[in-house]
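Shown next, in structure tokens, is the structure this report addresses.
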There are 2 protein chains.
Amino acid sequence: MALTQTAETRYTKPVLVAINKPFDDEDGLQALRSHPLFSELNGKDLQHLIHQSRRIRLGHHQLLYRQDMPAHHFFFVISGRLRLYRLDSSGIDRTLDSIAPGDCFAEVMIYADPPRYACYAEALKSSEVLMIPVKAYQDMLESNPKYAQAALRHYAKRAVSRFHDLEIMTVQNARDRLIRYLIDLLPNGAEEGGEVELPLPKCLVASRLAMQPETFSRILADLKANGLVRVNRSRLFISDPQRLIEISQ
Amino acid sequence: MALTQTAETRYTKPVLVAINKPFDDEDGLQALRSHPLFSELNGKDLQHLIHQSRRIRLGHHQLLYRQDMPAHHFFFVISGRLRLYRLDSSGIDRTLDSIAPGDCFAEVMIYADPPRYACYAEALKSSEVLMIPVKAYQDMLESNPKYAQAALRHYAKRAVSRFHDLEIMTVQNARDRLIRYLIDLLPNGAEEGGEVELPLPKCLVASRLAMQPETFSRILADLKANGLVRVNRSRLFISDPQRLIEISQ
DNA sequence: GGGAGTAATTGACCTAACTCAAAGTGTTTT
DNA sequence: AAAACACTTTGAGTTAGGTCAATTACTCCC
């Protein structure tokens, strides 16, 4: 296995470090307020929700929760970056998503029955997340049904985006999957070129795209040799996305 | 391309045949009522919604909608079976989902912005669907916010299930993807054996699992030779799912 | 029941991608 | 500054699975 050590062997159980610093920095609060799940909330409801939540600091590679653990909370990323992954019976570690500041994750658990995490979540670097009790959000929604519209929009969008992820994975060859992945990272899709930053280390992007790190490296080297991307560490510059699409047939 | 003709070449535009038969057969109505998106509705609201909808009959292989078409409706399957797929630039047809009676599809479009279908939908055999105006459902939800809870549960469940589909597709080898797919078809998962019916023709299951029909056929022949499944047309009998999981490493 | 059309299987061959191994690069620690 | 570590790249050999072609099995019509 090329992916160094797995989280499974690194930790015996998640160790969460709540920190006392209240969640009131103006930028953090602003980020929370701009998330669809919270944007409609009035000040009082939002404060009440935050009051019931805990702020958690996670170290590099620290596990937040495990697959199949009962899910009593969902999370909002204040800073850092996390990834979601699954471990199969042979211990292979498959990355499913990466999560940036301003995103929520495990929020589908609010309505899962039984509520169990569907994957592992770990910090890719030192990060801070807001740990929100599922019940608190549920109660708030029940007493203010008008908030449900925004939540519905968010959930529907999430379902569409997962559908799109699935679509990439039905592409049979590794090069075309990588190309589609890169184009999705571009702010305007295939419309115009630009620079993208890989949201994960290359070996984890490879895992996300169901290929080996070596394959990823070779494909990228090949695209580079053909002048289709310029590579600078985890920053890629794509000048002509249309040409990339053309060669992916 | 092994998948015979594509829908793209078969049709120039979807031809929808609304039929006059009102949607009031007791069993059809019962099925609708048991779907989470409608189960909470009171009789009057449900009747109003049905009144604004149209009943559509689809012939074998008939296209219902195309990818990127503006989405003004979502659908409930009354009878038959449909599949969702995408077509890429080289015309390859990739199956993403199959839909059975009692299911809804394109329902995420209720909250998409802009509302455009993310894929093609076609009937796999002669089918009937209820075509529900997105706006009608939206209006109903807005005037009855209490219905939103059930909708939220449904959307969250859908997102989880797409996540799970994605997870299967990050499994790198074709045999293990097929095994996981089969186990998911079993009513009780890996808990106990049983008979499953493939929801799609074999060549489309292959496409759903990002492999060639030939590969699908060979893997199934191999599982059969090892006594892991018994195959009878599209019905498979799996006596010991645990053994299947064991060999998939 | 025969013929057309479609789906599934099987064989032979080939290539994309995996595996293993080693070396290179950048980062953190002491 | 060196050592330790993590990640990435490159090379060589192997294999899973794709491709092409031919055969068989179904299904639907007439």
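Quick note on labels: first sequence line is chain A, next is B, and so on, each numbered from 1. Source: prediction; values computed, not measured.
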Legend entry - Glu191(B), CD: over 12 other non-hydrogen atoms inside 6.0 angstrom: no
Inset, instruction - Kindly indicate whether the side chain of Leu244(B), heavy atoms from C-beta on, has any atom under 4.5 Å from the side chain of Asp240(B). - result: no
Inset, instruction - Mind calculating the distance between CZ (Arg177(B)) and P (dG18(D)) to the nearest angstrom? - result: 7 Å
Inset, instruction - Starting from C1' on dT9(C), measure out to CD1 on Ile219(B) and report it in whole angstrom. - result: 14 Å
Legend entry - Beyond-backbone contact of Leu87(B) with Tyr120(B), side-chain heavy atoms, under 4.5 angstrom: yes
Legend entry - Protein-nucleotide distance (Asp222(A), atom CG; dG11(D), atom P), rounded to Å: 13 Å
Inset, instruction - Inspect the contact between Arg83(B) and Asp93(B) and indicate whether a charged nitrogen and a carboxylate oxygen are less than 4.0 angstrom apart. - result: yes
Legend entry - Between dC7(D) (P) and Lys125(A) (NZ): distance, integer Å: 14 Å
Legend entry - Distance below 4.0 Å between Gln212(B) side-chain N/O and dT19(D) OP1 or OP2: yes
Inset, instruction - For dT8(D), take OP1 and OP2 only and decide whether either is under 4.0 Å from a side-chain N or O of Ser217(A). - result: no
Inset, instruction - Tell me, please, which residues at least two apart from Arg158(B) pass side-chain hydrogen bond (donor to acceptor under 3.5 Å, both in side chains). - result: Glu107(B)
Inset, instruction - Using the closest heavy atom to pick a nucleotide of DNA chain C for each, name whichever of Phe216(A) or Leu220(B) lands nearer the 5' end. - result: Leu220(B)
Legend entry - 5' priority, DNA chain D, between Ala221(A) and Gln172(A) [closest heavy atom]: Ala221(A)
Legend entry - Shortest non-hydrogen contact from Val171(A) toward Arg177(A): O-NH1, 3.2 Å
Legend entry - Rounded distance (Å) that lies between atom P of dT8(D) and atom CG of Asn232(A): 14 Å
Dump every N/O contact between nucleotides 12-14 of chain C and the protein below 3.5 Å, one line per pair.
from	atom 1	to	atom 2	distance (Å)
dA12(C)	N6	Arg218(B)	NH2	3.4

Inset, instruction - Please tell me which of Thr215(B) and Ala174(A) maps to the more 5' nucleotide of DNA chain C, matching each residue to the nucleotide holding its nearest heavy atom. - result: Thr215(B)
Legend entry - Beyond-backbone contact of Gln172(B) with Gln212(A), side-chain heavy atoms, under 4.5 angstrom: yes
Legend entry - Residue of the set Ile99(B), Leu200(B), Leu124(B), Asp103(B) for which side chain to side chain contact (heavy atoms under 4.5 Å, CB included) holds with Arg81(B): Leu124(B)
Inset, instruction - Evaluate the side-chain proximity of Val160(B) to Met109(A): yes if any heavy-atom separation is below 4.5 Å, no if none is. - result: yes
Inset, instruction - Side-chain contact test, heavy atoms from C-beta onward, threshold under 4.5 Å: evaluate it for Leu166(B) versus Arg208(A) and give yes or no. - result: yes
Legend entry - Candidate nucleotides dC18(C), dT10(D), dG17(D), ranked by approach to the side chain of Glu214(A) - the nearest: dT10(D)
Legend entry - Nearest-angstrom distance from the residue atom CG of Leu124(B) to P of dA7(C): 11 Å
Legend entry - Nearest-angstrom distance from the residue atom CG of Leu198(B) to C1' of dC26(D): 16 Å
Legend entry - Value rounded to 0.5 Å, distance of CG in Leu82(B) from OH in Tyr65(B): 8.5 Å
Legend entry - Side chain to side chain, Leu220(B) and Lys202(B), heavy atoms closer than 4.5 Å: yes
Inset, instruction - Answer whether the closest heavy-atom distance between the side chains of Met131(B) and Phe75(B) falls below 4.5 Å. - result: yes
Between the protein and nucleotides 28-30 of chain C, which nitrogen or oxygen pairs come in under 3.5 angstrom?
none

Inset, instruction - With axes from five pairs an end, tell me the bend angle of the helix from dG1(C)-dC30(D) to dT30(C)-dA1(D), nearest 10°. - result: 40°
Output a table of nitrogen or oxygen pairs between the protein and nucleotides 22-26 of chain C separated by less than 3.5 Å.
from	atom 1	to	atom 2	distance (Å)
dG26(C)	O3'	Arg233(A)	NH2	3.1

Legend entry - From dT8(D), dT9(C), dC18(C), nucleotide with atom closest to Lys202(A) side chain: dT8(D)
Inset, instruction - Would you mind reporting whether Leu236(A) and Leu198(A) have side-chain heavy atoms less than 4.5 Å apart? - result: yes
Inset, instruction - Using ring pair (Phe, Tyr, Trp, His ring centres under 6.0 Å) as the criterion, list what pairs up with Phe76(B), not counting sequence neighbours. - result: none
Legend entry - Rounded distance (Å) that lies between atom P of dT9(C) and atom CE of Met211(B): 13 Å
